[in-house]
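Throughout, protein chains are lettered first and strands after them, A, B, ... in sequence-line order, and every chain is numbered starting at 1. All values reported here derive from a predicted model rather than from experimental measurement.
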Amino acid sequence: MSDNGLQPVRVRFAPSPTGRTHLGSGRTALYNYLLARQTGGQFILRIEDTDQKRFVPEAEQELVDSLRWLGVDWDEGPDVGGPYAPYRQSERKEIYQQYAQQLVHGGQAYYCFCTAARLAEVRKQQQANKEPLLYDGTCRRLSTAEAARRAEAGEPHVVRFKTPRDGSITVSDLLRGDITVENRVVDDFILVKSDGLALYHLAAMVDDQLMGITHVIRGSEWLSTFPLHGHIIRAFGWQEPVFVHLSVFLRPSGKGKMSKRESSQLLQDGVSVFLKDLRELGYLPEGVVNWISLMGWSYDDRTEFFTLPDLVEKFSLQKLNPSPAAINFTKLDHFNGLHIRSLPVDELARRVRPFLEGAGYTVDDGTLNQVTPLIQTRIVTLADSVAMAGFFFEEHVHPEPEQLVGKKMTPQESAQAARRAYQVLDGLPVIDHETTEQPLRDLAEEMGLSAGQLFGILRVAVTGQSVSPPLFESMAVIGKDKVLERIANVATLLSSPPTA
RNA sequence: GCCCCCAUCGUCUAGCGGCCCAGGACGUGGCCCUCUCAAGGCCAAAACAGGGGUUCGAUUCCCCUUGGGGGCACCA
């Protein structure tokens, strides 16, 4: 197979705007994008909005925003136009009708006048008899003349594909090889609904053909209707694109697919399968891209850190894995941390800023630039910066008195330690790591305390929290005046013990 | 009920007949470093679903069973 690149491909991502943009969509779009960029081909975004009943107005915007956020952009699409416009299927109704007519005239499709009620009845019967649930072929037996007359008379009808009764069809998936299915289990599927709009099966095949798509990379939920698609393409006598069906994502336990309900409940645990949520949770697009790229694809037996440009270079259809993959959010945290640490400090500062501001802090550049390197190895998401470093932007901190008590120390001893530390620091011209650490270590030793005991008290006093960036660097950022003020406060806080 | 797909550590995976008493990563446990928390370094435990074949030789090829997933809509 020479699909790995040399020939420029034309690929597409064709979602339906019926809901939120999911990880699976992100991955499908990503792989398509990677192949297009790698080969110097084109990536097309096509909106499959042929079902007005399930249409969600905001869905397309969320999709576009989410994909762009990931760094995936397209050469042709509803918002950017292109030579094969329109790229919204609802605007291509006539095109599909024309092709449906072609099949009807060629005897490869027929009008069906059966009502939904009758079809439901037939299905019920089949279910009871434990038969395959297929259309019973009533209208297939109509003469073309009669069918035409009834349609002419305005009788509501759909267009069905006339699947061959005998034999079988073999379609080929790049990852799975040939898939052969008996024609008798392939339904006379509806191509055009009674409202005149095409169904996915016809619309997608027509558009892929018209838009010159060379590789169809889509979710494996299409595998079961793949034979039908093969029939449609062959009925038209078209050249078949290469088909690649991606594995599905399973819930973290690996048992089954995630339900809608589970998906929305995830957010309570600080994770989500929706791209937009991940962004708001403080995940980096780099982290998410790296993570999803490796769900169903691999490069070799050791490399796992990839940026988008890396992936453009290294992605390969041949290394795709057809088995289902469980979503592993702890691995997302790992990749996100990796990418946070690999970001230049100023870039990280730029990205952290909105999260700090979103938490209500007024963020000045000077402080932010000093703080960012201190938290870079300590945060997993950008949102973690709030808990880790919010106090830097606070005028006053409010430590819990009991936290100010050093390990294995009494409140009185702790207050005394703070008083002594105050004296030491007050005598220093500047407070930074170099000038501060040794004098305080000496103080600890003099008082018979471990460095950890003394530093722990000071950490809580100065930062207001027991987990913080390194003490001396933090004090340097906060500045001598505020540091002294906060340490002076220790005695006050400890002299009025909390009601025990 | 019918059709299709999938099957290596808990999870993501490498492996395309001998290099594998199976390699990497996440997570987990331990140690080191250390002012907290991280980051970083080192070490450890942890898998070829089961049964038949094919072969001198199967994780790798074939079949069956089992398990998992998808579909059987005037949804995509």
Atom-pair distance (CD on A:E155; P on B:rC74), nearest Å:
17 Å
Taking atom P of B:rC4 as reference, at what distance in whole Å does atom NE2 of A:H229 sit?
17 Å
How many whole angstroms separate atom CG of A:L246 from atom P of B:rC12?
15 Å
Got a list of side-chain donor-acceptor pairs under 3.5 Å for residues 442-449 of chain A, not counting sequence neighbours?
{"residue": "A:D442", "atom": "OD1", "partner": "A:Q438", "partner atom": "NE2", "Å": "3.0"}
{"residue": "A:E446", "atom": "OE2", "partner": "A:R420", "partner atom": "NH2", "Å": "2.6"}

State the pairing partner of B:rU59; accept Watson-Crick or G-U wobble contacts with both distances under 3.5 Å, and report none otherwise.
none
Interatomic distance where CG belongs to A:L404 and P belongs to B:rU36 [whole Å]:
18 Å
Taking it one step at a time, do A:W297 and A:F306 satisfy ring pair (Phe, Tyr, Trp, His ring centres under 6.0 Å)?
CA-CA 12 Å; A:W297 175 81; A:F306 299 110; 5.6 Å; yes
When A:V483 is tested against each of A:L425, A:T436, A:L458, A:V477 for side-chain contact (heavy atoms from CB on, under 4.5 Å), which residue passes?
A:L425
Please state whether the rings of A:F305 and A:H339 are parallel, tilted or perpendicular, taking 30° and 60° as the class boundaries.
parallel
Base, sugar-phosphate alone, or nothing: which one does A:G296 contact when heavy atoms must sit under 4.0 Å apart?
sugar-phosphate
Atom P, compared across B:rG1 and B:rU65: separation rounded to whole Å:
14 Å
Classify the angle between the aromatic ring planes of A:F455 and A:F472 as parallel (below 30°), tilted (30 to 60°) or perpendicular (above 60°).
perpendicular
Whole-Å distance separating the NZ atom of A:K53 from the P atom of B:rC74:
9 Å
Going 5' to 3' through nucleotides 61-71 of chain B and flagging B where a protein heavy-atom sits under 4.0 Å of the base, S where only the sugar-phosphate is that close, and - otherwise, we get -------SSBS
Residues from residues 12-20 of chain A lying under 4.0 Å of RNA chain B - heavy atoms:
A:S16
Can you check side chain to side chain donor-acceptor pair (under 3.5 Å) on A:T330 and A:D333, steps first, answer last?
CA-CA 5 Å; A:T330 60; A:D333 283 348; over 6 Å; no
Suppose we define a pair by two distances each less than 3.5 Å, Watson-Crick or G-U wobble; what does B:rC26 pair with here?
B:rG10
Counting heavy atoms from C-beta on, name the nucleotide in B:rC37, B:rC75, B:rG15 closest to the side chain of A:K319.
B:rG15
Checking all strands, does A:I179 fall into the base, sugar-phosphate, or nothing category for heavy-atom contacts under 4.0 angstrom?
sugar-phosphate
Nearest whole Å is fine: how far is B:rU36 P from A:F391 CZ?
16 Å
Set out, line by line, the N/O atom pairs under 3.5 Å between protein and nucleotides 27-35 of chain B.
{"residue": "B:rC35", "atom": "OP1", "partner": "A:R441", "partner atom": "NH2", "Å": "2.1"}
{"residue": "B:rC35", "atom": "O2'", "partner": "A:R459", "partner atom": "NH2", "Å": "3.2"}
{"residue": "B:rC35", "atom": "O2", "partner": "A:R459", "partner atom": "NH2", "Å": "2.3"}
{"residue": "B:rC35", "atom": "N3", "partner": "A:L471", "partner atom": "N", "Å": "3.2"}

Has A:R140 got its NZ or CZ under 6.0 Å from the middle of the six-membered ring of A:Y135, at an angle within 45 degrees of the ring axis?
no
Does A:R302 have a side-chain nitrogen or oxygen under 4.0 Å from the phosphate oxygens OP1 or OP2 of B:rG23?
no
Decide side chain to side chain donor-acceptor pair (under 3.5 Å) for A:S263 and A:R20; before the verdict, give the C-alpha distance in whole Å, the side-chain angles of both, and the deciding distance to 0.1 Å.
CA-CA 11 Å; A:S263 296; A:R20 306 203 53 194; over 6 Å; no
Distance in angstrom units between A:L332 CG and B:rU11 P, rounded:
19 Å
Starting at CD of A:Q126 and ending at C1' of B:rA73, how long is that distance when rounded to a whole Å?
13 Å
Find the partner of B:rC72: check Watson-Crick (N1-N3 plus N6-O4 or O6-N4) and G-U wobble (N1-O2, O6-N3) distances, both under 3.5 Å, and reply none if neither fits.
B:rG1
Does the protein touch nucleotides 38-45 of chain B at the base, only the backbone, or not at all? Give it as B, S and - per nucleotide, heavy atoms under 4.0 Å.
BSS-----
Does a donor on one side chain and an acceptor on the other come within less than 3.5 Å for A:R419 and A:Q416?
yes
Of residues 113-122 of chain A, the positions that come close to RNA chain B - non-hydrogen atoms, cut-off under 4.0 Å:
A:C114, A:L119
Would you call the rings of A:F274 and A:H22 parallel, tilted or perpendicular, where under 30° means parallel and over 60° means perpendicular?
perpendicular
